[in-house]
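Take a look at the structure set out below.
Per chain, numbering begins at 1; letters A, B, ... match sequence-line order.
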There are 2 protein chains.
Amino acid sequence: MNIEKAIDKLKEKGYKRTKQRERILEIFSEQDQGYIPAKTILKEIQKDFPGVSYDTIYRNLYLLAEEQVLESTELDGEKHFRFHCDTHGHHHHFICTGCGKTKAVEFCPMDKIAQSLDGYAVDDHKFEIYGKCPGCL
Amino acid sequence: MNIEKAIDKLKEKGYKRTKQRERILEIFSEQDQGYIPAKTILKEIQKDFPGVSYDTIYRNLYLLAEEQVLESTELDGEKHFRFHCDTHGHHHHFICTGCGKTKAVEFCPMDKIAQSLDGYAVDDHKFEIYGKCPGCL
DNA sequence: TATTTAATTGTAATGGTTACGATTAGATAC
DNA sequence: GTATCTAATCGTAACCATTACAATTAAATA
Ligand SMILES: [Mn+2]
Ligand SMILES: [Mn+2]
Ligand SMILES: [Zn+2]
Ligand SMILES: [Zn+2]
């Protein structure tokens, strides 16, 4: 995912191009090594827009996640976001609890268990691995 | 897991047997169909102990999770708990977003990806499936 | 430039969780 | 049973991420 592609996607849906929204996307493209907590986005964007409000941050992060520009997860009770990985197919992540960086894991357990959930309607799933990356060891 | 086994486990570690702690364990044994939010535990225990404090609830839930009497997860930004499943081996759960009931999924994806994380130290992992159970469909 | 509507701001409320000093009550020894 | 020790609880407030909303601003379009 990249900025222009994301903005085009929003434009098609009737969302406007704003400086704040653009800056949020920039932050993600500058540092796409892992999940970023909402708090960090806020602090970073405040350097350019000192009066930015919580509403703006969360509204945009949720919108971008809804539009699949970002993907989100919850770590330590805080919502984290990153650019949606669309270079390869659906996959999951190892998340380093030291530096926050992630490593793709090219395997989805849902393939293996579909038949065992006969009669159940599966809406979503979460598979995450936590630990320390080589750099943090 | 059952109440007496849990209390014995605590006793061995030097923790005391209290009425409040016992009641918490009872609540889990009465309703072990799925994860229960901390809030529900509080409300339930207040019927017997009207003045019970947050501190007591959380301290006990965390202690019991630490001692592997309970297992925990976070759903919708709230911590949920259930008796630790020790009747069979390590497994994961389908969680119904309608009624909260869970269904064991006898498959752990970690077996399949161990070699792909060479050089990484894996501390933990989470695999959960969300959707509607037959009863809620 | 006027109009329309999405977006932002400023600020307060919400709600789950955490913290802590004072008090109570299990457990053990005598 | 009483004294002693320390875990556990209580009462209450603080914390902090998130949510809410009325007033204002700014992007898009004609
Ligand atoms: Mn990825
Ligand atoms: Mn189970
Ligand atoms: Zn998957
Ligand atoms: Zn597992």
[X] [atom1] to [N] [atom2]: how many Å, rounded?
X       : N      : atom1 : atom2 : answer
B/Gln46 : D/dT9  : CD    : C1'   : 14 Å
B/Leu42 : C/dT18 : CG    : C1'   : 14 Å
B/Asp55 : C/dT24 : CG    : P     : 16 Å
A/Lys19 : D/dA27 : NZ    : P     : 4 Å
A/Lys16 : D/dA27 : NZ    : C1'   : 5 Å
B/Asp76 : D/dA17 : CG    : P     : 19 Å
A/Leu64 : C/dA7  : CG    : P     : 11 Å
B/Arg17 : C/dT28 : CZ    : P     : 13 Å

Is any side-chain nitrogen or oxygen of [X] closer than 4.0 Å to OP1 or OP2 of [N]?
X       : N      : value
A/Lys11 : D/dA28 : no
B/Thr18 : D/dA7  : no
B/Gln20 : D/dC10 : yes
A/Arg59 : C/dA7  : no
B/Thr56 : D/dA8  : no
B/Tyr58 : C/dT17 : yes
B/Tyr62 : C/dT18 : yes

### Query
Do A/Glu128 and A/Thr73 have a side chain donor and acceptor closer than 3.5 Å?
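Distance-only check passes for A/Glu128 and A/Thr73.
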
### Message
Side chains of B/His92 and A/His125: any donor to acceptor distance under 3.5 Å?
### Response
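Short answer, no.
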
#### Entry: Identified salt bridge (Lys or Arg N to Asp or Glu O under 4.0 Å) partner of A/Glu67 from the options A/Lys9, A/Lys13, A/Lys11, A/Lys5
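Among A/Lys9, A/Lys13, A/Lys11, A/Lys5, the one that satisfies the salt bridge (Lys or Arg N to Asp or Glu O under 4.0 Å) with A/Glu67 is A/Lys13.
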
### Task
Would you check, one step at a time, whether the test salt bridge (Lys or Arg N to Asp or Glu O under 4.0 Å) holds for B/Lys47 with B/Glu44?
CA-CA 6 Å; B/Lys47 295 175 185 170; B/Glu44 192 61 32; 3.1 Å; yes

### Task
Find which nucleotide of DNA chain D each of B/Tyr15 and B/Tyr54 is nearest to by heavy atoms, and output the residue with the more 5' nucleotide.
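Looking at DNA chain D, the more 5' nearest nucleotide goes with B/Tyr15.
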
### Sidechain-backbone polar pair: B/Asn2 side chain, B/Glu4 backbone, donor-acceptor under 3.5 Å
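Side chain of B/Asn2 to backbone of B/Glu4: a pair is present.
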
